[in-house]
Amino acid sequence: MRLSRNLLYGTLFGVLFPVGATLLTANNIPITNLSSLIDLHRQTPLLLIIDTASFFLGVFAAFGAYQLDRQFETQEGAHGADELRTLIDTANAPIFGIDTEGLVNEWNQAAERITGYSKSEVMGRDLVESFITEDYKVSVKGVLDEALKGRETANYAFPLYSKTNARVDVLLNSTTRRDSQGGVVGVVGVGQDVTELNSAQKEFERKLTSAANYDVLTGLPNRRYFYDYLAGQLETHQGSDEIGTLLFLDLDRFKLVNDSLGHSIGDQLLQVVSKRLQASVRTGDLVCRLGGDEFIVLLPLEGVVFKQADERAEKIARQITAAVKQPIKVGQHELSAHMSIGISHFTMTDGVETIVTRSDNAMYLAKGDAASNIAFYTDAVHQQLTHQMQVLEGIQEALVEDQFFMHYQPQFNHRQELIGVEALVRWQHSQLGLLLPDQFIGLAEQYHRINEIGSWVIDRVLSQVAQWHQAGYVLPKVAINISPGQLLDENFSTIVNALREQYGINPERIVFEITESADIEHFNLISTVLRDLKGQGYRFSLDDFGTGYASMTHFKRLPFSQVKIDQSFVADIESNADSLAIAEVVLAMARSLKLEVIAEGVETQSQLEILNKLGCTGYQGYLFSKPLSVQAITSLLRRAD
Ligand code: C2E
Ligand code: CA
Ligand code: CA
């Protein structure tokens, strides 16, 4: 405030000195108005001189002081501007400035450092046009235009490309630059080089993406990765006539490994399987784990015809099943993994979901086909699946409307005496006509609907046996087929006992047939249930012997009292030495374990003779009788005397 003080002193001197002198001279003379003041000065010339002189002196002093102060001010201002300039130039943060036209007018050393462009190179050039990449031009220009309108932006991030074409990520705060009148003259941007910060974040993001895209257990790309990848492929190859091939793979009975041996063994099995998968495909084939025991293999797109694509896919599928099938040792367990593979081809117009569903559907068919385990998706597959859907959806209606019914196939001993009947379910479907068990039992097992049908069967059979009993007929035994899924149901014993009591049936007359193709893991799980029921008098028969995986040791641990030689061995026992040998072994084993034997599917006299010679004592087959209706069986039964 030096300026106003010096001015004030001068002014005070120029005013107060004359006033003081006047008052002193006037002494007792009253000065009431201007004319009396002028009169006093006329009368006293000395006062006039003193007052005039001191007035001008004050004015000059004030003016001089004012001039001095201005000079001082300007000097100091220049010094401040110098300081500011140094500050801007040497600031650690890059500072850019543009005028209202967007041309560079400020470019400090930090800006030179991070961009590689010297100030002289850039001054006067259009900032946005010269230094901002195409994709950011509009948005950077927007920010600067806003600042030119007085609206400043904080922390706006964009990339710059340095003179050496290295990417520099900048975080910018823009400030409107005004002149002393407040008019906008440009924009100053103070930036921060966040390239390194960004690359740390990118690494972090990369890790996140990797966690989201890869399966932790096997290290394979996961479902999400696969879906994105395939969608990307379809998009980039849109319009091309290439053919893609997707293999959908599923381990058979994996759930059993998990349930019976524990998840840790299951996990290790999956790890081995995924390694073998990767080893059996070619470079360029993509292997992913979709989740659980489901995998996919995506073959690279190729401009081939469907026939070639088929051959190629089948070859790879065979390599995979062969590789996976080799025994796998996990801990002390020797496991074998079997894969079912569904294959579908696609064109670039198909959607990801459709492609996966087709291969998945084909895989379900592969599962049902024990011989091959590989299936292609075709129109026939589509029809078959629609048919299966119709079957599955009809189960509820069938139970409510009593569409299931039982046939009974008689069993005889070598003296042609009736020793029992096997209950076989049939279904009179409202649209599809008569269905045999092969058309719906496997499906019901697969989709966990078997317990509903199974319970219905036990109820119906026991009630039928009670009716025969009450009518005075003698039926030595009734055999009921039980699916493994039923034995895994914890209520199985309860249901069976409740029904047996309700109908008053002796458990020793009931034989539960359990197919041998239910594998080892099943046997371990169900052995407790079996022993429990055996203790109560029920009997068990090992059905379809020779077709499954049950080894002799496992078999011996379970409480079977009967074994059924599978009809496939009986069918060619005359011509196939292996079948004959198997029948021989089964019969020898049965003798030593004191088991009953029933040979299934005996159709010819010569089959019967061969089996007879080998010492077989029980028979079932068309040679004796087809499965019969209740009435037909009734007429076969002998009345108790
Ligand atoms: P399975 O237990 O092996 O039953 C014997 C099958 O062989 C029956 O077929 C029977 O009709 C057929 N068969 C009998 N004798 C001969 C013969 O001399 N030659 C030929 N070629 N076949 C003969 P079906 O009734 O179609 O049953 C098929 C399978 O369905 C059964 O095989 C059984 O595993 C299953 N099944 C049948 N009923 C039930 C049931 O109530 N519950 C469950 N879980 N499965 C059942
Ligand atoms: Ca059976
Ligand atoms: Ca059988």
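Each ligand, and each atom within it, is numbered from 1 in the order the structure gives. Just so it is clear, the structure is predicted and the values come from calculations on it, not from any experiment.
- Comparing heavy-atom distances from atom 13 (N) of ligand 1 across F624, Y622, Y619 singles out Y622 as nearest.
- Counting only heavy atoms, the protein gets under 4.0 Å from atom 44 (N) of ligand 1.
- Closest heavy-atom approach to atom 24 (P) of ligand 1 within the set P437, A423, S483, A599: this belongs to P437.
- Side-chain N/O atoms of Y619 and N413 include no donor and acceptor closer than 3.5 Å.
- The pair R312-D285 does not meet the salt-bridge criterion, since no charged nitrogen lies less than 4.0 angstrom from a carboxylate oxygen.
- Between V425 and ligand 1, a contact under 3.5 Å exists for at least one N or O pair.
- Ligand 1 has at least one atom lying under 4.0 Å from a heavy atom of P627.
- Residues V478 and V461 meet the side-chain proximity criterion, which asks for heavy atoms closer than 4.5 Å.
- Here is the list of ligand 1 atoms found below 4.0 Å of a heavy atom in G621: 15 (N), 18 (O).
- Checked against the 6.0 Å centroid criterion, the rings of W468 and Y408 qualify as a close aromatic pair.
- Looking at Q562 and E596, their side chains do bring a donor and an acceptor atom within 3.5 Å of each other.
- Between the Ca ion (ligand 2) and the N, O or S atoms of E513, the shortest distance is to OE1.
- Just one of D310, T378, D350 meets the side-chain hydrogen bond (donor to acceptor under 3.5 Å, both in side chains) condition when paired with H345; it is D310.
- No part of L623 comes within 4.0 Å of ligand 1, judged by heavy-atom distances.
- Between N481 and ligand 1, a contact under 3.5 Å exists for at least one N or O pair.
- Atom 3 (O) of ligand 1 is approached by the protein to below 4.0 angstrom, counting heavy atoms only.
- In summary, E314 and R318 engage in a salt bridge, as defined by a charged side-chain N under 4.0 Å from a carboxylate O.
- Checking Q567, E603, E600 against atom 6 (C) of ligand 1, the nearest heavy atom belongs to Q567.
- Close approach to V602 involves these atoms of ligand 1, each under 4.0 Å from a residue heavy atom: 18 (O).
- Atoms of ligand 1 found under 4.0 Å from any heavy atom of D544 (numbered from 1 in listed order, with element): 3 (O).
- Rounding to 10°, one obtains 100° for the angle at the Ca ion (ligand 3) between OE1 (E600) and OD1 (D544).
- Within the structure, the closest approach of D438 to ligand 1 falls below 4.0 Å when heavy atoms are considered.
- Nearest protein heavy-atom contact of atom 31 (C) of ligand 1 is L424 CD2, 4.2 Å.
- Geometrically, R639 engages Y473 in a cation-pi contact defined by less than 6.0 Å to the ring centre and at most 45° from the axis.
- Remark: side-chain polar atoms of E603 are not paired, donor with acceptor, to backbone N or O of A571 under 3.5 angstrom.
- Contact atoms of ligand 1 toward V457: 41 (O) (distance under 4.0 Å to a heavy atom of the residue).
- Among the atoms of S541, no N, O or S atom falls under 3.0 Å of the Ca ion (ligand 2).
- Between the OD1 atom of N481 and the OE2 atom of E422, the angle centred on the Ca ion (ligand 2) amounts to 90° when rounded to 10°.
- Checked against F295 for a side-chain contact (heavy atoms from CB on, under 4.5 Å), the options I320, V324, L270 give a single hit: L270.
- Which parts of ligand 1 touch Q409 is read off a 4.0 Å heavy-atom cut-off, strictly below it: atoms 14 (C), 15 (N).
- The atom of D543 nearest to the Ca ion (ligand 2) is OD2, with the search restricted to N, O or S atoms.
- Residue contacts with ligand 1: Q620 is placed with no nitrogen or oxygen under 3.5 Å of a nitrogen or oxygen of the ligand (distance criterion only).
- Within the structure, the closest approach of K626 to ligand 1 does not fall below 4.0 Å when heavy atoms are considered.
- A distance below 6.0 Å separates the ring centres of F412 and F624.
- Less than 4.0 angstrom separates some heavy atom of R426 from each of these atoms of ligand 1: 11 (O), 25 (O).
- Ion pairing between a basic and an acidic side chain is recognised when a charged N comes within 4.0 Å of a carboxylate O; R539 and E508 show no such pairing.
- K564 and Q620 are linked by a side-chain donor-acceptor pair at a separation below 3.5 angstrom, with hydrogens and angles left out of the test.
- Expressed to the nearest 0.5 Å, how far OG of S340 lies from CG of L365 amounts to 10.5 Å.
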